[in-house]
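Computation of the quantities below employed the complete heavy-atom set of this structure, encompassing side-chain atoms and omitting hydrogens, waters and symmetry-equivalent molecules.
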Amino acid sequence: MAENEKKALEAEQNGKAEKPAKEKKPSIWKRLSAWFKSLRAEAKKISWASFKSVRYNSIVVIVCVVICSIVIGLLDYGFSAAIVGLSRLI
């Protein structure tokens with residue numbers, strides 16, 4: 001890369017700036033084919049979790065969602081009751 005830059009700099013200084021040859025892109029079908037090949041190669045590397053661990057993690061998530069829903073529901077009920085109580089004082 002450094003040699004090409006030196007040649008381009010020398011040619012520019014001599015007034016003979018050469019335009020680099022345009023690189024031709026492969027066709028869309030070849031690029032798409034290469035993409036699918038790399039996708040397939042990466043998919044083979046995937047390590048899937050066992051059914052037992054997926055089931056356990058799903059249960060943990062469901063329990064956490066239920067607990068958070070209950071806490072938020074209780075907070076909502078408490079705040080709405082407090083607002084109604086304050087509005088009765090006014």
J.: Let me have the donor-acceptor pairs involving side chains of residues 80-90, under 3.5 Å, with sequence neighbours excluded, atom names and distances please.
T.:
from  : atom 1 : to    : atom 2 : distance (Å)
Ser80 : OG     : Asp76 : O      : 3.1
Ser80 : OG     : Tyr77 : O      : 3.0
Ser87 : OG     : Ile83 : O      : 3.4
Ser87 : OG     : Val84 : O      : 2.7

J.: When clusters are formed from ILVMFWY side-chain contacts under 4.5 Å, directly or step by step, what else is grouped with Trp48?
T.: Ile46
J.: I'd like a table of donor-acceptor pairs (distance under 3.5 Å, sequence neighbours excluded) in which one partner is a side-chain atom from residues 26-36, with atom names and distances.
T.:
from  : atom 1 : to    : atom 2 : distance (Å)
Ser27 : OG     : Lys30 : N      : 3.4
Arg31 : NE     : Pro26 : O      : 3.2

J.: Which donor-acceptor pairs under 3.5 Å do the side chains of residues 58-74 make with protein atoms, sequence neighbours left out?
T.:
from  : atom 1 : to    : atom 2 : distance (Å)
Ser58 : OG     : Val54 : O      : 2.8
Ser69 : OG     : Val65 : O      : 2.7

J.: Identify, with sequence neighbours excluded, every residue that meets side chain to side chain donor-acceptor pair (under 3.5 Å) alongside Lys44.
T.: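 Listed in chain order: nothing, the list is empty.
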J.: Not counting sequence neighbours, which residues clear side chain to side chain donor-acceptor pair (under 3.5 Å) with Ser50? List them please.
T.: Ser53
J.: My understanding is that only residues two or more places apart in sequence, or in another chain, count here; which of them pass salt bridge (Lys or Arg N to Asp or Glu O under 4.0 Å) with Lys45?
T.: Glu42
